[in-house]
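To start, the structure itself, in structure tokens.
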There are 2 protein chains.
Amino acid sequence: MVKPPNPARRSEHSRQAILTAARELIAEMGYAKLTIEGIAARAGVGKQTIYRWWPSKGAVIFDAFLALSESGPEQGVALPDTGDLEADLKVVMRATVAEFADPAFEGPIRALNAEIVNDPALAAQYREKLGGPVDEAKKARLRNAQRAGQLAADADLDLALELLYAPLYQRWLLRSGPLTPEYADALVEVFLKAMRPDVVR
Amino acid sequence: MVKPPNPARRSEHSRQAILTAARELIAEMGYAKLTIEGIAARAGVGKQTIYRWWPSKGAVIFDAFLALSESGPEQGVALPDTGDLEADLKVVMRATVAEFADPAFEGPIRALNAEIVNDPALAAQYREKLGGPVDEAKKARLRNAQRAGQLAADADLDLALELLYAPLYQRWLLRSGPLTPEYADALVEVFLKAMRPDVVR
DNA sequence: TCTATGAGACGAGACGTTCCGTCTTGACAC
DNA sequence: GTGTCAAGACGGAACGTCTCGTCTCATAGA
């Protein structure tokens, strides 16, 4: 019974201000103290403008983070492929470690993850818009390695990806251990041992 | 300047009622709708009694979950050790899958994890009281396997544990894929391939 | 041994505050 | 004119603090 708003008339300026304010406030005060009213005040925007375009706080955070990813360098789509799988993976994993340590990233990513844990719809949206494409790029790199005989040809790439990334992700999310470049390297090495092709077949 | 309350005079009955109410309310309405006032009302307890003994909602959830673990069968301390590492691990991993699927566990564990993501103090408490002891039991089993020559003697057991459990945990927490007994088995198999001793040394 | 007294935890709930999500207003743009 | 905008008033929910009067229990005086 309610009219959906007309996106053509949406103020891009306000949209940007809201996403920027959300990102800044998370970084400054943490997710627990983030409020819609705070975002509106910081952005110089009416609360209704936020409620008109986003269904939940989680959705705002998601878009804020999505904008951050999209505005960044277009490196997310393709991973390095020098032919040396071990070296390439170590570069990527070390980069991931560095990214997790960046305070500007850490706050929003933590907030988004916390929201996702209790919101299946947001989890699906995340997989579709953010996680999915990145995972596809990673799997493409692994497929190349399979063709080059560096990885077992019958390996389950979803499982492979989880094997490689989940330990890193868990250590960061639950703060269960130090996140160092050496750890990233060790993870790559044990991953390769698990997934390398069988000598005899 | 404030006096800490005297634990000797604490009402065990109220404590139990609060933890039980917290658990029931999470299971019934989800974590998002859980309130301190709701817990107090359900438990037949004054709000101050909660605030007197717990610093945060997360701490209440933590204790509620801790009590659940402690009251359960005393199976958490030792893992099966039949000598067959692969079979033993599959039993444990399949049990973990089943536990994650149990609605009575799922709600509180998700709530606790969400809280932990944004609360380093709670994360530390979790590791000390819940995660740590369980991990030690798991590592003890892996050490036995090392002695039996079933696992690389120089393997980093912290890394090994993460390799085995983090993919399972991530799939459940982020709902990024189906959690089946077959998946648990596949995980064990690839884990063993990664961690088995080198033939030549 | 008996009692009474004081400290402190208890259930109950009032209180001011913050934030929620909705609604109203007037300005401005298309 | 119609619809979005900034600003903010509004009622409701939950917060965390507080003040009641009741209770339990350990200590001490009789």
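A note on names: the letters A, B, ... follow the listed sequences, proteins ahead of strands, and every chain is numbered from 1.
A ring-ring contact (aromatic ring centres under 6.0 Å, His included) with Phe100(B) is found for one member of Phe105(B), Tyr169(B), Tyr165(B), Trp172(B) and no other, namely Trp172(B).
A cation-pi arrangement is absent between Arg23(A) and Phe65(A), since the terminal nitrogen or guanidinium carbon is not both under 6.0 Å from the aromatic centre and inside a 45° cone about the axis. Cation-pi geometry between Lys57(B) and Phe62(B) is not met at under 6.0 angstrom from the ring centre and within 45 degrees of the axis.
Legend: residues meeting ring pair (Phe, Tyr, Trp, His ring centres under 6.0 Å) with Trp54(B), ordered by chain and number and at least two apart, are absent.
The pair Arg94(B)-Asp185(B) counts as a salt bridge, with a side-chain nitrogen and a carboxylate oxygen less than 4.0 angstrom apart. Remark: Arg42(B) engages Glu28(B) in a salt bridge, criterion side-chain N to carboxylate O under 4.0 Å.
Here dT24(D) is the nucleotide among dA6(D), dT24(D), dG11(C) with the atom lying nearest to any side-chain atom of Arg9(B).
The phosphate of dA6(D) has OP1 or OP2 within less than 4.0 Å of a side-chain N or O from Ser14(A). Put simply, Thr49(A) has a side-chain N or O that comes within less than 4.0 Å of OP1 or OP2 on dA6(D). Taking 4.0 angstrom as the limit, Trp53(B) places a side-chain polar atom (N or O) nearer than this to OP1 or OP2 of dC10(C).
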Given protein heavy atoms under 4.0 Å, the one-letter contact record of nucleotides 18-23 of chain C, with B base, S sugar-phosphate only and - none, is simply -BBBBB

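Whole-Å rounding puts the His13(A) NE2 to dC28(C) C1' distance at 15 Å. Atom pair Ile50(A):CD1 and dC5(D):P shows a separation of 11 Å (rounding to whole Å applied). dT4(D) atom C1' lies 14 Å from atom CD of Glu12(A), rounded to whole Å.
Among the heavy atoms of the strands lying under 4.0 Å from Arg52(B) is at least one base atom, whether or not backbone atoms are also near.
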